[in-house]
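So the structure is just underneath, and the comments pick up after that.
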Amino acid sequence: RKEVEQDPGPFNVPEGATVAFNCTYSNSASQSFFWYRQDCRKEPKLLMSVYSSGNEDGRFTAQLNRASQYISLLIRDSKLSDSATYLCVVTMNTGGFKTIFGAGTRLFVKA
Amino acid sequence: EAGVVQSPRYKIIEKKQPVAFWCNPISGHNTLYWYLQNLGQGPELLIRYENEEAVDDSQLPKDRFSAERLKGVDSTLKIQPAELGDSAVYLCASSLGSASGRPFDEQFFGPGTRLTVL
């Protein structure tokens, strides 16, 4: 089992739709969680950190469920410009600092 | 403020040849990372530096890969000899590290070097 797993998609949604991605992690010692966005042939960029209480940034909402070991990303009112790959990132300190990236979920928003 | 700079952006070599990638992190960032990313996959860590010290090189294939960050600023990743399976994008990232006061902080990525081994 991979340490961080994501549904690769692709998710094809119309503009204005709401779409949600989940990411599961296997190590209960995981401490910090992030969502990164990666456009085609570009570098990853931080979208948002994920806090235990959940957090929102405009149309984006991230949530953490430690009991079930997953994080989620909700995008409301999808825009064409949201089309990208969304990478789940989990960090942990298990006798040494470790950062694991998921393989990403591809999103296509169409007009 | 300049971001993470990497060069070259593209490199095509024949197998068994050596190749080197260069990275200049964001000024003031103590932590530097080298990642490998294959198509359809997330970045995989090769090595992490805290200043000039390699604190995690457990995933670096040391028989052919080497890296250095001599003055704790810019870094070089080398492959010698390259194999067909090394074709990938090599990403460099940096973060504030201990200077941020947080155990884990945002990583800023460079544009990457796309390596093709023929």
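These numbers were taken from a predicted model, which means no experiment stands behind them. Residue numbers begin at 1 in each chain, while the letters A, B, ... track the order of the sequences.
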With chain B, which of A:Cys88, A:Gly102, A:Pro44 has the greatest number of heavy-atom pairs at distances under 4.5 Å? A:Pro44
With B:Arg114 via salt bridge (charged side-chain N to carboxylate O under 4.0 Å, His left out) - residues at least two apart: none
Can you tell me which portion of A:Arg41 sits under 4.5 Å from chain B's heavy atoms? Options are side chain, backbone, both or neither. both
Can you spot which of B:Glu50, B:Gln107, B:Arg48 makes a side chain to side chain donor-acceptor pair (under 3.5 Å) with B:Thr31? B:Glu50
With a 4.5 angstrom heavy-atom cut-off, is it the side chain or the backbone of A:Gln38 that approaches chain B, or both, or neither? side chain
Atom group of B:Tyr35 that falls short of 4.5 Å from chain A, counting heavy atoms: side chain
B:Lys15, NZ: over 12 other non-hydrogen atoms inside 6.0 angstrom: no
Could B:Asp57 and B:Lys62 be called an ion pair, given the rule that one side-chain N must be under 4.0 Å from one carboxylate O? yes
